[in-house]
**Q** 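Dropping the structure in here first, questions after.
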Amino acid sequence: MYSRIRTFGRGTAIRFFTLLLLAALAAGCASTQTSPPSVPLPPTRYEHRAFSLVPLNQPGWLVLARNPTQLALAKPGGAPDESFAIQAGTTT
């Protein structure tokens with residue numbers, strides 16, 4: 001039985017390997033970011049160097065940033081383009 005082996009031209013092979021490399025890079029750079037932690041209910045006081053804050057007693061608040069000088073909280077609103085935020089911080 002006669003089998004036929006298909007050969008690719010140089011340009012086709014380069015395009016194929018370029019596409020393969022781009023697909024591998026895209027898969028390797030996929031986001032593995034986890035969602036931010038939510039504020040526990042009932043909320044507890046966040047103590048920082050120059051301030052303290054008790055978040056609102058409502059579900060859905062997320063802690064976006066927290067370090068010794070900054071606290072950022074956010075909550076999605078009822079509409080797709082609506083959100084609520086609380087940010088507190090100090091400058092050194």
**Q** For Tyr46 and Val39, work out which heavy atoms get closest and say how close.
**A**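 Minimum heavy-atom separation between Tyr46 and Val39: OH-CG2, 4.0 Å.
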**Q** Decide yes or no for Leu71 and Gln87: does some side-chain heavy atom of the first lie under 4.5 Å from some side-chain heavy atom of the second?
**A**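 Counting from C-beta outward, Leu71 and Gln87 never come under 4.5 Å.
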**Q** I want to check something: taking the side chain as every heavy atom from C-beta on, are Ile86 and Trp61 in contact at a cut-off of under 4.5 Å?
**A**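 A side-chain contact exists here, since the closest heavy-atom pair is under 4.5 Å.
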**Q** Are side-chain heavy atoms of Gln70 and His48 found at a separation under 4.5 Å?
**A** no
**Q** What is the minimum heavy-atom distance between Pro43 and Pro55, and which atoms define it?
**A** CG-O, 3.3 Å
**Q** Could you list the residues that satisfy side-chain contact (heavy atoms from CB on, under 4.5 Å) with Pro36, not counting sequence neighbours?
**A** Leu62, Leu64
**Q** Taking all atoms of both residues into account, what is the closest heavy-atom pair of Ser52 and Arg45, and its distance?
**A** OG-NH1, 3.0 Å
**Q** Is there a donor-acceptor pair closer than 3.5 Å between any side-chain N or O of Glu82 and the backbone N or O of Gly78?
**A** yes
**Q** Can you name the nearest heavy-atom pair linking Pro76 to Gly60, along with the distance?
**A**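 Scanning both residues, the minimum pair turns out to be CD-O, 3.8 Å.
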**Q** Under 4.5 Å between any side-chain heavy atoms of Phe84 and Leu73, yes or no?
**A** no
